[in-house]
Amino acid sequence: MADQTKEEVHVDKTKKVLDSSCSFFTKAKSDEERFAALMMVVNSMPSGDEAAVKQVFDSVGVKFIKRLINSPVPKECPQDIYKDISCNVLSVFASVPSIATNELMVEMIEPLLSCLENVGEAESSVEEKPHYTSALETILAISTCPEGRNVLIRIGGDQVLLSFLSASTNAANAAARCLTNMAVSIESRGVGCAKLSQKRFLTILKAVSKCFSSRQDAVKFVVCEQLIGLLDYVLGVSTESDTNSDSAKTNLKKVLVDTSDLWVKSSDGVAWGLYDMLSSRLTEELRGAALRLGALVCEACGETWLLVKPSRKESPKKESKDENEEKGPLPKTKPNRSVLALVIHLCSVELRMALEDRSATKAVAQHELVVSCLALVERAIIVLSGVESMADLGDAESVIHMCERLNDSASAIMSILREIWSDLKDMEDMEDNKEKRDDFGILISLLYPSCRVFALWLAQETDALRDDVFEILPFILQVSGLSKSSEPWQKSLQFPALVDFLVPALSYLLEDQRAMAILHKENCDVENIKILCS
């Protein structure tokens, strides 16, 4: 009880000191007095106290700080003392979301950018000036609101921020986040500036991709998440009613495709960064992020980049001062192995861990990872089926390994298809179990991509896993609508678009007696299927 009383006394004393400091600042009649009061306020402000930060912001505001940040410094003082203090105070303000998006803070973007100009590429230069990181983190917080992003775009903030992608970890992280925030806003500014918007969007995309490719520290993982958010937004369906935004978004999708050689396949493109990440020992979360990014890149510009074989000179290892040093530096790139082989191998491992002989709950828990792996495996099969010569994929041993891993993926996919099929048969048991119904809804979202990958794999005229194939084939026929059986769930759950994927596989299976027996048992229109396959 005594300790609690002492704590209360301390809090009360701290509040009185802060009240006194804020009052002194408000009553100050000269900038010298305001500066002295500001130092008192900074020293008396409790750490992490949002109410105290709001009190200081209401008392101090930004008008004086705006003058201070670019004021001449007395010769006897450190050159950047005013900038350090100003940026530090602003970063404290920006730590409170409601303050960060205040119009007064938005007005501070230009003065903050002026502190960052003429930085250059030297990493040590950024580390020597504490106000760089404070300014960047403040700009990042302000850029979370549309008004902040609009100001950054209007005054060309991206030109300043780009130079920080090679900076120390905290500065580079903040710069990358700011740039991707800007990129999302650039596309929404509409048709009136479409040409300029696309050019600046591409500049940002190329720079962030280069950062992702070249960084061998924790920044790589932050930039990976930023690229995921950026591509996800551009590729996603707009929820806005603004047709100009939709039009701009469509234009940017075209830019992604037309410039893939610059931001994906080039020697400093995303493909190299993904290879670095996927070749490293990563946590499950980071590995999932890399596979998610790979799936989005495929969606954005196709699958041909999977044939890239990263092979660049090893760079000397730099000492890391990062807080997240356990995450880096990453192992050096191994040459002469395509991204395709690596992706097939890793997706096979992930799918088997998530789906093979596992409960539906396991698959639901890793839904996003599974969807990404399915998308990548689908693209990988398309690449394999489209190459003119297997020699283009590497030596015979590599090709055999890829085919074996695809078989492993198919085995895992058939395992989850059996699980879904079983649950569909027990649908009546779910009516009174909301949790099970919700999980089953997520599980169903895996059904269509799983069936697509299964059909593409089967169309490769493989003789692997025949018993498993024939066991699951009735369910595939039912889901596609080719089966005329009368399962209770068929009316509400069918994907007729699967027929297009199944036709090549069925062309192959029509020659097998066991397959024909299944088609007849499922009451399929065999003659019509033969016409489709002809």
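For the single chain, residues carry numbers from 1 onward in sequence order.
Inter-residue side-chain proximity for Val453 and Ser409 is flagged as unmet; no heavy-atom pair is nearer than 4.5 Å. Annotation: side chain of Asp468 is in contact with side chain of Arg418 (closest heavy-atom distance under 4.5 Å). You'll find the side chain of Ile344 reaches within 4.5 Å of the side chain of Leu340, heavy atoms only. Here the side chains of Ile413 and Leu417 are in contact, with some heavy-atom distance below 4.5 Å. Proximity of Val308 to Val264: side-chain heavy atoms (C-beta onward) are nowhere separated by under 4.5 Å. Put simply, the side chain of Arg200 reaches to within 4.5 Å of the side chain of Ile153, judged on heavy atoms. Thr304 places none of its side-chain heavy atoms less than 4.5 Å from the side chain of Val383.
Pairs engaging residues 287-297 under the side chain to side chain donor-acceptor pair (under 3.5 Å) rule: Asp232-Arg292, Arg287-Glu350 [sequence neighbours left out]. Legend: ring pair (Phe, Tyr, Trp, His ring centres under 6.0 Å) pairs involving residues 442-486, not counting sequence neighbours, sorted by first then second residue: Trp421-Phe475, Tyr448-Phe495, Phe475-Trp489.
When atom types are taken as modelled, the side chain of Ser266 and the backbone of Trp263 share no donor-acceptor pair closer than 3.5 angstrom. Between the side chain of Arg215 and the backbone N or O of Leu165 there is at least one donor-acceptor pair closer than 3.5 Å. The closest donor-acceptor contact from the side chain of Thr101 to the backbone of Pro97 lies under 3.5 Å. Listed for the Gln460 side chain is a donor-acceptor partner under 3.5 Å among the backbone atoms of Leu456. With hydrogens and angles disregarded, a donor-acceptor distance shorter than 3.5 Å links the side chain of Ser163 to the backbone of Val160.
The distance from atom OG of Ser372 to atom CG of Leu291, rounded to the nearest 0.5 Å, is 6.5 Å. The line from CE of Met414 to CG of Leu458 is 8.5 Å long, rounded to the nearest 0.5 Å. Annotation: the span from Ile400 atom CD1 to Arg405 atom CZ amounts to 11.5 Å, rounded to 0.5 Å. Rounded to the nearest 0.5 Å, atoms CG (Leu140) and CG (Leu179) are 10.0 Å apart. With values rounded to the nearest 0.5 angstrom, Leu447 atom CG is found 5.0 Å from Ile420 atom CD1. Here the straight-line distance linking atom CG of Leu351 with atom CG of Leu374 works out to 5.5 Å at 0.5 Å rounding.
With sequence neighbours excluded, the residues forming a side-chain contact (heavy atoms from CB on, under 4.5 Å) with Leu532 are Val499, Val503, Asn528, listed by chain and number. With sequence neighbours excluded, no residue satisfies side-chain contact (heavy atoms from CB on, under 4.5 Å) with Lys521. Listed by chain and number, the residues in a side-chain contact (heavy atoms from CB on, under 4.5 Å) with Asp258 are Lys254 (sequence neighbours excluded).
For Leu230 against Ala183, the heavy-atom pair with the smallest separation is CD1-CB, 3.6 Å. Annotation for Ala515 and Leu509: closest pair CB-O, 3.3 Å, computed over non-hydrogen atoms. Across Arg379 and Gly302, no two heavy atoms sit closer than the pair NH1-CA, 3.9 Å. Between Ser480 and Leu477, the closest heavy-atom pair is OG-O, 3.0 Å. Residues Arg149 and Met182 approach most closely at CD-N, 4.4 Å, considering heavy atoms. Pairing each heavy atom of Gly481 with each of Lys484, the nearest pair is O-NZ, 3.8 Å.
Salt-bridge check for Asp467 with Arg514: passed, with a basic side-chain N closer than 4.0 Å to an acidic carboxylate O.
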May I have the list of side-chain donor-acceptor pairs in residues 202-212 shorter than 3.5 Å, sequence neighbours left out?
from   : atom 1 : to     : atom 2 : distance (Å)
Thr203 : OG1    : Lys199 : O      : 2.9
Ser209 : OG     : Leu205 : O      : 2.7

query: Taking it one step at a time, do Ser450 and Ile416 satisfy side-chain contact (heavy atoms from CB on, under 4.5 Å)?
result: CA-CA 8 Å; Ser450 296; Ile416 197 61; 4.1 Å; yes

message: Is there a side-chain contact (heavy atoms from CB on, under 4.5 Å) between Leu274 and Trp305? Walk through the geometry before answering.
response: CA-CA 11 Å; Leu274 279 171; Trp305 67 274; 3.6 Å; yes

message: Checking Thr180 against Val223 for the side-chain contact (heavy atoms from CB on, under 4.5 Å) test, could you report, in this order, the C-alpha distance in whole Å, the side-chain angles of both residues, the deciding distance, and whether it holds?
response: CA-CA 9 Å; Thr180 48; Val223 175; over 6 Å; no

message: Show, in sequence, the C-alpha distance, side-chain angles and deciding distance for Ser260 and Lys265, and conclude whether the side-chain contact (heavy atoms from CB on, under 4.5 Å) test is met.
response: CA-CA 6 Å; Ser260 62; Lys265 301 177 188 176; 4.3 Å; yes

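Within a 6.0 Å sphere centred on CD of Glu284, heavy atoms belonging to other residues, nucleotides or ligands number 12 at most.
The closest side-chain donor-acceptor pair between Asn170 and Glu137, if any, does not fall under 3.5 angstrom.
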